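The model shown is predicted, which means the values in this text are computed figures rather than measured ones. Below, chain A is the first sequence line, B the second, and so on; all start at residue 1.
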Amino acid sequence: MLLSPSSVPVHISASALHVAPASDPPYKLLESHPSLLLLSKCKSIHGLRQIHSHIVKTGLHNTLFALSKLIEFCATSPFGDLPYALLLFESIPEPNVFIWNTIIRGHSLSSDPILAVDFYVRMLLCGTQPNSYTFPFVLKSCAKAGATREGKQIHAHVLKLGLWCDAFVHTSLINMYAQNGELDDARLVFDKSAFRDAVSFTALITGYASRGYMDAARLLFDKIPVRDVVSWNAMIAGYAQCFRFEEALTFFEEMRKMNVQPNESTMLTVLSACAQSGSVELGNWVHSWIEDHYELGSNLRLVNALIDMYSKCGDLETARRLFDGIHQRDVISWNVIIGGYTHMSCYKEALALFRLMLGSDTEPNDVTLLGVLPACAHLGVLDLGKWIHAYIDKNFENMTNSSLSTSLIDMYAKCGNIEAAEQVFDGLNPKSLASWNAMISGLAMHGHADKAIRLFTQMVDAGLKPDDITFVGLLSACTHAGRLELGRQYFSSMIHDFNISPKLEHYGCMIDLLGRAGMFDEAEALMKNMEMEPDGAIWGSLLGACRVHGRVELGEYVAEHLFELEPENPGAYVLLSNIYAGAGRWDDVARVRTRLKDKGMKKVPGCTSIEVDSVVHEFLVGGKLHPLSKDIYEMLEEIDKLLEMAGFVPDTSEVLYDMDEEWKEGALSHHSEKLAIAFGLISTKPGATIRIVKNLRVCGNCHSATKLISKIFNREIIARDRNRFHHFKNGSCSCKDYW
DNA sequence: CTAGGGTTAG
């Protein structure tokens, strides 16, 4: 039964549940009773209990009318409590039709609408005949629960009782069939009847629209004798749901031409369409329309939709201004603005707003955390991520939200704690495809190719069908471990055994693998064979391979392609200059440098962050802005001294193009990752793991230095660079110098 | 006491 012990109110005395007498006092007298007036204004379950005890005290609970009103409030008010309603309901030996209807209605509104059908059956078994009000409620439940079989049986009851000529029952039937995808049956009910009002038309239209049959919907729409605002809204929403935003917005224009006043629903749908299609001009127009027709700020739903629209269109300033102007924000306001910042890669702002939310009286929900966890993952803020994990365990215990678990796996992997990611994954049952994918990709970026492959085998054995994303993870695992043969095998298996056509990312992994193995001819052949044009990432990985293998001429050729494809990307120039530097061709280094300067481009400065005691510290290359700068640079000197004593010779071949020769060595020792590591060494306990996140790839010199540092200071150093993770421990790195 | 349309995440 629905009643759980915890939901039973303790203060209900036996007398409160006494059977009501057969005859009530006159209704007029009851309707104006103070307790029942209070009930209509009640806004919480606590208030309800007070009113209930008042009703008991005044003896009013002995009237069926008062009981009905109490049940109605508990079952249907958003501030109600369905279990409480059921408790009252079960105390009545012979409920009347109204009370049965109310209980059925309550379940139709609940998260478990199919239970309404159970009560409908009980009602029949008790010998109570349903009336014209019963069917809209129970049919709505069948629509919500997808219960077509039950709906058909109830349809038979409608016919038997002669209620098909009731407009409400009729529309409910159409809607039940339409929502359950039984469009032929919906059509049959519609065609057989004499009802040709906008309401029945719209019920049918929505059915067609939700299955993507917009042409059929359109034909029906044109036949409506008098189209009302809901009919228009249904068409606009239908097009929007099929991603046919232009047509949706055309219908909106048309509607205004026909002088049909849009309402709040119209504006919400139109704003959503603007948001998804990036139509910020129309969005602006809607904004002013809303300002003219509503007291802005009085309608939170519209303001939230506006914030979402501006966020998705990239105008975060306007979005933020609207957000700041809200007096009473709800959880959606937050979610929308946080999502906006995350969407625009403003992760720090997203987290700042999340912290603001935690300090407010708005509780985060699962959607909030789904917006915040990727921000944690991008920034590598493990402590906040752990906090959110604990928050989820505490507050979402009973909620099986597999996407939250997948986000946790992804967050832990990207924050460098692959063991924690595995723990979440192992505890997950059932495991969704997305969670397998997240785990495989996570292992891949940590260089654990064997584990990733084992997982892939397990997943196939478990009967799951891998998708294109699975193979991106699997192939990148091969790439990060330099497993060329295995990569080839899986690439071929993906195509032939799993019928997945390779996408740009899959080719990218293969070309990267081949390039690093020095197999440039085969890489080129694969590139020529692709169904699509190679992107900057592919040319970039090839350029990286040219640097590793000292292929100057090929590098020049590849770089030209990259310059053409991504003229604003300074990375290609830097790589080419490094190739020249590796070959000792300093004149060419200077030439590339000049070309870069002439274009007004600057190398993206290296930036490394480290989280200590939940505070994120950021270091720029050569930076001196940190409050502990003096101590950090003293530590750097110490590190360099110890490195030298250990026989470390700085490798200056990957020269910074804008430094003069004598500065090279000094500049290398001030690379941002080294600053962060020095800070980590002085600000954490001896032996503690140091985790850092860098925005660019680690340079060869820092890589060698960090290996030694891990040995000299006996520290595990986990570094995330632009490409993957490096676990430095006892003088060596998990990437086995292959990256 | 009743029927048809809508926002946030993925």
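- At the heavy-atom level, A/Ser132 lies under 4.0 Å from base atoms of the strands shown.
- Residue contacts shown for A/Ala198 include a base, since a base heavy atom lies under 4.0 Å away.
- Within 4.0 Å (heavy atoms only), A/Val199 reaches at least one base atom of the nucleic acid.
- Protein chain A contacts DNA chain B from B/dC1 to B/dG10, reading 5' to 3' and using non-hydrogen atoms of the protein with a distance under 4.0 Å.
- In this structure, the salt bridge (charged side-chain N to carboxylate O under 4.0 Å, His left out) partners of A/Glu264, at least two apart in sequence or on a different chain, are A/Arg301.
- A donor and an acceptor atom, one from each side chain of A/Asp330 and A/Asn304, are located under 3.5 Å apart.
- When every heavy atom of A/Lys144 is checked against every heavy atom of A/Ser110, the shortest pair comes out as NZ-O, 3.4 Å.
- Contact annotation for A/Asn101: base contact, defined as any heavy-atom pair under 4.0 Å involving a base atom.
- Not a single side chain to side chain contact (heavy atoms under 4.5 Å, CB included) links A/Gln153 to another residue, sequence neighbours left out.
- Partner A/Phe190 forms a side chain to side chain contact (heavy atoms under 4.5 Å, CB included) with one of A/Leu173, A/Ile174, A/Thr171 and no other, that one being A/Ile174.
- Between A/Trp232 and A/Phe221, the distance separating the two ring centers is shorter than 6.0 angstrom.
- Note on A/Asp228: a base of the nucleic acid sits closer than 4.0 angstrom, heavy atoms only.
- A heavy-atom distance below 4.0 Å to DNA chain B is reached by these residues of residues 261-277 of chain A, ordered by number: A/Asn263, A/Glu264, A/Ser265, A/Leu268, A/Thr269, A/Ser272.
- Here A/His157 pairs with A/Tyr120 under the ring-ring contact (aromatic ring centres under 6.0 Å, His included) rule; sequence neighbours left out.
- Residues A/Asn175 and A/Ser172 have side chains that never bring a donor and an acceptor to within less than 3.5 angstrom of each other.
- Heavy atoms of A/Ala237 sit under 4.0 angstrom from primed sugar atoms or phosphate atoms, though from no base atom.
- Side-chain contact of A/Ser311 with A/Asp308: a donor-acceptor pair under 3.5 Å is absent, judged by distance alone.
- Using the six-membered ring where Trp is involved, A/Phe245 and A/Phe243 have ring planes that are perpendicular, over 60° apart on the 30 and 60° scheme.
- Side chain to side chain, A/Tyr133 and A/Arg105 fail the donor-acceptor criterion of an N or O pair below 3.5 Å.
- Base engagement by A/Ser231 is indicated by at least one non-hydrogen atom pair under 4.0 Å involving a base atom.
- For DNA chain B, the neighbouring residues in residues 200-217 of chain A, judged by any heavy atom under 4.0 Å, are A/Thr202, A/Thr206.
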